[in-house]
Amino acid sequence: MTKELKLYNSLSAEKEVFKPIHSNYVGMYVCGPTVYSDVHLGNCRTFISFDMIYRYLIHLGYKVRYVRNITDAGHLVDDADEGEDKIVKKARLEQVEPMEIVQKYTVGFHDILRNFNAIPPNIEPTATGHIQEQINIIEKIISQGLAYEVNGSVYFNVDKYNETADYGILSKRKIEDLMSGTRELDGQSEKKSPLDFALWKKASPEHIMRWNSPWSDGFPGWHIECTAMSTKYLGESFDIHGGGMDLKFPHHECEIAQAQAFTGKPPVKYWLHANLLTLNGKKMSKSTGNTLLPDELFSGDTPLLEKGFDPMVVRFFMMQAHYRSVLDFSYDALLASEKGYHKLMTAYKDLDKLKVSEESSEEVSKHIAAYYSAMNDDFNTPILIANLFDTVSWINKVKVGQATISKADLIELKKELDAFITGVLGLTGGQAENNDGANKMDAVMEVIIELRKNARENKDWTSSDLIRDSLTAAGISIKDTKEGTSWSLN
RNA sequence: GGUCCUGUGGCCGAGCGGCUAGGCAGUGGUCUGCAAAACCAUCUACAGCGGUUCGAAUCCGCUCGGGACCUCCA
């Protein structure tokens, strides 16, 4: 039934059959956010993509350890030589402690992802919590002769590494091409080659986020944290490493080089890269200001939108595109997704009210097999959704008596739709509310519908329309069907 | 400048050598007191020019758009 999962490996640049290193166990590391400002919607797309991947792996029965880091130190704001830690800069601006900034944006990040119904990772390590591990790795790399110290800073020697390994293996770049692209804008660089990258940076006097090390009071380079945390929690070689497209080079390339220098073996079997979410056709980016914040999207409080959107609609919108394709954000596209989302969820919810027959007019197994074949082909959620809409059509036909479904098939279908809609796609909002407030609401609506029914039987259209219009204004829609009147929120 | 990706109908977005993608919007119908929903039918495509092939959105070349990375960014 489930067949085999194929996924696109950036390392080989082709789709490969997924075979975890340790049969049923999967280790997955995803590069997390830098917590010095609010996460924007573009960041969210990557995390939602990997949330979907995580969910599907779990659905297939794998025992997954999902690690996603929080980068709370070490990113340089200017060039590599005269850099200032981003977190420090912001802290000074706002006159608060660096860790206060980190805390604030970490909490914000978690809130947003919860809104999007993303499952938290199993381990969410922080860079500042793993300074010692990073130092240990740097020491080992130096002892291998693949890094050198200059004035208290340590740099990775890319040329030396490239003698026995392949720097550029992931991004398919050649050292020569990279060199031709470097501008000699800094004559005073400490680095032997422009391609060398920092493993440890000596802190300038005003730099307040600093740690003691064998080389200087300083802070770790940008790439080393991921190697430290991934190897610590997932081992020297693990299955999946994910992140946004923009991290492929240099970040992931450097990670491979470091890790290989450290352990002597390739760290990752499958590299997965989620593509960017664009706004006005351009990449969302903190630095250029071309961003949209999730909160603005939910509330509609932005010139880009005429109204806000439910986080689940946004998630559905993202799932309608393949995770490796660029997706452009627009108000019109969101509106279309909102309708489609409701159509899907309404049918899903109506499953419980379906009348069953002796026989099914369609083969439930074909519908279900289609879900798996879509997802097994590199997590093709747009195809999955197209296939789900085929099922929606079937459900709707059963509703109006143009198709049938047997009891056994209905149970089977319900189980799989739960798994794919709620489980894999992570969409909520289709299940019947089952709390006290909702029960009372049901009771109230029953009364109102009964009153309106009486009015309609008396051909008192004024009253019946008044009820319907008032409810519509209150955000409750009324539908008169052959089976009676139903209502729904929104 | 270097490396790479991409251009699909009104909009979004799959497909990547032959078979209706799907959603939204539009049009005509069924149903309905009206409306909504649903159902049925239906209309708009593969940037341009060449080439390969029995056959090309799909492969190759060129041209013209758009984008990413090469510097922090999911």
Side-chain angles (χ1 to χ4, degrees), chain A residues 13 30-34 36-37 39-50 71 75-80 83 86 168 171-174 176-183 185 194-195 222 242-251 253 273-278 281-288 291 316-317 320-322 324-344 346-347 350 374 380-390 392-393 395-397 399-403 456 459-461 464-465 468-469 472 477-482 486 488:
Chain A
V30 173
C31 287
T34 305
Y36 62 84
S37 64
V39 285
H40 62 248
L41 202 62
N43 300 313
C44 293
R45 167 132 96 142
T46 297
F47 301 127
I48 291 169
S49 293
F50 283 102
T71 295
H75 283 207
L76 305 178
V77 95
D78 301 323
D79 59 287
K86 265 189 178 166
S171 56
K172 320 295 175 215
R173 287 163 202 244
K174 305 243 178 303
E176 309 86 72
D177 294 338
L178 288 166
M179 288 301 290
S180 73
T182 47
R183 310 262 192 269
L185 39 86
L195 299 184
W222 172 35
M245 255 332 202
D246 48 353
L247 295 183
K248 198 171 184 179
F249 188 89
H251 184 56
E253 197 69 59
H273 292 280
N275 218 136
L276 305 175
L277 179 68
T278 58
K282 297 262 169 60
K283 177 185 180 180
M284 275 198 205
S285 167
K286 287 171 187 171
S287 46
T288 61
T291 59
F316 179 76
F317 163 70
Q320 276 188 301
H322 187 86
R324 280 194 293 115
S325 299
V326 175
L327 174 62
D328 192 54
F329 179 91
S330 74
Y331 180 64
D332 288 345
L334 255 304
L335 276 181
S337 287
E338 185 173 53
K339 292 228 179 176
Y341 168 75
H342 284 128
K343 182 177 179 176
L344 173 66
T346 300
D350 286 347
N380 200 325
T381 53
I383 297 285
L384 168 63
I385 289 171
N387 293 337
L388 288 172
F389 274 111
D390 283 344
V392 166
S393 172
I395 293 169
N396 285 335
K397 280 181 192 168
K399 257 195 297 192
V400 297
Q402 293 183 20
R456 293 180 71 213
K459 300 210 187 291
D460 178 4
W461 311 127
S464 76
D465 287 353
R468 187 174 65 199
D469 294 345
T472 304
S477 52
I478 289 285
K479 292 170 198 163
D480 297 320
T481 67
K482 276 181 185 151
S486 69
S488 59

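Below, chains carry the letters A, B, ... as their sequence lines are ordered, and counting in each starts from 1.
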Hey, does A:R173 reach any base, or is it just sugar-phosphate, or nothing, if we go heavy atoms under 4.0 Å?
base
Looking at B:C39, which nucleotide sits across from it as a Watson-Crick or G-U wobble partner, both distances under 3.5 angstrom, or is there none?
B:G29
Can you check whether A:Y341 reaches A:K339 side chain to side chain, under 4.5 Å on heavy atoms?
no
From CE of A:M245 over to P of B:C70, roughly how many Å is that when rounded to an integer?
13 Å
Please state how far atom OH in A:Y341 lies from atom C1' in B:C12, giving the value in whole angstrom units.
19 Å
With P as the reference atom in both, quote the distance from B:C69 to B:G10 in angstrom, rounded to an integer.
31 Å
B:A74 to B:A68 separation - C1' atoms, rounded to the nearest Å
13 Å
Answer with yes or no whether A:D390 presents, from its side chain, a donor or acceptor under 3.5 Å of a partner atom in the base of B:G22.
no
Check the distance between B:G13's C1' and A:I383's CD1 and give it to me in whole angstrom.
10 Å
Indicate yes or no for a side-chain donor-acceptor contact from A:N380 to the backbone of A:A374 under 3.5 Å, with no hydrogens or angles considered.
no
Heavy atoms from C-beta onward define the side chain here; which of B:A21, B:C69, B:C39 lies closest to that of A:K397?
B:C39
What integer number of Å spans the C1' atoms of B:U58 and B:G2?
29 Å
Which part of the nucleic acid, if any, lies within reach of A:G32 when heavy atoms closer than 4.0 Å are counted: base, sugar-phosphate only, or nothing?
sugar-phosphate
Length of the CD-P vector between A:E253 and B:G2, whole Å
21 Å
Over all strands shown, is A:D480 touching base, sugar-phosphate only, or nothing at heavy-atom distances under 4.0 angstrom?
base
Applying a 4.0 Å non-hydrogen cut-off, can you work out what A:K174 is touching in the nucleic acid: base, sugar-phosphate, or nothing?
nothing
About how many Å separate CD1 of A:I383 and CG of A:L388, when rounded to the nearest 0.5 Å?
11.5 Å
When rounded to the nearest Å, what value does the distance between C1' atoms of B:C24 and B:C43 take?
15 Å
Just call it for A:A333: base, sugar-phosphate, or nothing, with non-hydrogen atoms closer than 4.0 Å on any strand.
sugar-phosphate
Paired with B:C4 by Watson-Crick or G-U wobble geometry, both distances under 3.5 Å: which nucleotide is it?
B:G67
Assess the residue pair A:N43 and A:K286 against the criterion (side-chain contact (heavy atoms from CB on, under 4.5 Å)); give the C-alpha distance rounded to whole Å, side-chain angles, the decisive distance to 0.1 Å, and a yes or no.
CA-CA 10 Å; A:N43 300 313; A:K286 287 171 187 171; 3.9 Å; yes
Name the nucleic acid region contacted by A:K339, choosing base, sugar-phosphate or nothing; use a 4.0 angstrom heavy-atom cut-off, strictly under.
sugar-phosphate
From B:G33, B:G22, B:A38, nucleotide with atom closest to A:V400 side chain:
B:A38
Nearest-Å distance, NZ (A:K459) to P (B:U32)?
12 Å
Describe the nucleic acid contact of A:A274 in one word from base, sugar-phosphate, nothing, applying a heavy-atom distance below 4.0 Å.
nothing
Along RNA chain B (nearest heavy atom to each residue), the more 5'-positioned of A:P382 and A:R45:
A:P382
Please state how far atom CG in A:D246 lies from atom C1' in B:G67, giving the value in whole angstrom units.
13 Å
Check whether more than 12 heavy atoms from other residues, nucleotides or ligands sit under 6.0 Å from atom NZ of A:K174, and answer yes or no.
no
How far does the P atom of B:U20 sit from the matching atom of B:U44, given to the nearest Å?
15 Å
Inter-nucleotide C1' distance (B:U8, B:G23), Å rounded:
15 Å
Base, sugar-phosphate or nothing for A:G243? Non-hydrogen atoms, less than 4.0 Å.
sugar-phosphate
So what does A:K248 touch, heavy atoms closer than 4.0 Å: a base, only the sugar-phosphate, or nothing?
nothing
Contact class for A:D328 vs. all strands (heavy atom < 4.0 Å): base, sugar-phosphate, or nothing?
sugar-phosphate
Under 4.0 Å between any heavy atoms, over every strand shown, what does A:L277 touch: base, sugar-phosphate, or nothing? Just pick one.
base
Considering only the C1' atoms, how many Å lie between B:C5 and B:U42, rounded to the nearest integer?
37 Å
For a side-chain contact (heavy atoms from CB on, under 4.5 Å) check, start with the C-alpha distance between A:N275 and A:R45, then their side-chain angles and the critical distance, and finish with the verdict.
CA-CA 8 Å; A:N275 218 136; A:R45 167 132 96 142; 4.0 Å; yes
Any base atoms under 4.0 Å from A:N380, or only sugar-phosphate, or nothing? Heavy atoms, all strands.
sugar-phosphate
Rounded distance in Å between the P positions of B:C60 and B:U6:
10 Å
Hey, does A:L276 reach any base, or is it just sugar-phosphate, or nothing, if we go heavy atoms under 4.0 Å?
base
Could you pick out which residue, A:N387 or A:S285, lies toward the 5' side of RNA chain B when each is mapped onto its nearest nucleotide?
A:N387
Using a 4.0 Å heavy-atom cut-off, does A:I478 contact any base of the nucleic acid, only the sugar-phosphate backbone, or nothing at all?
base
Rounded to whole Å, please give me the gap between CD in A:E338 and C1' in B:G13.
18 Å
Mark this stacking check for A:F389 against B:G23 as yes or no, applying ring centres under 5.5 Å and ring planes under 30°.
no
Counterpart base for B:A57, defined by Watson-Crick or G-U wobble contacts under 3.5 Å:
none
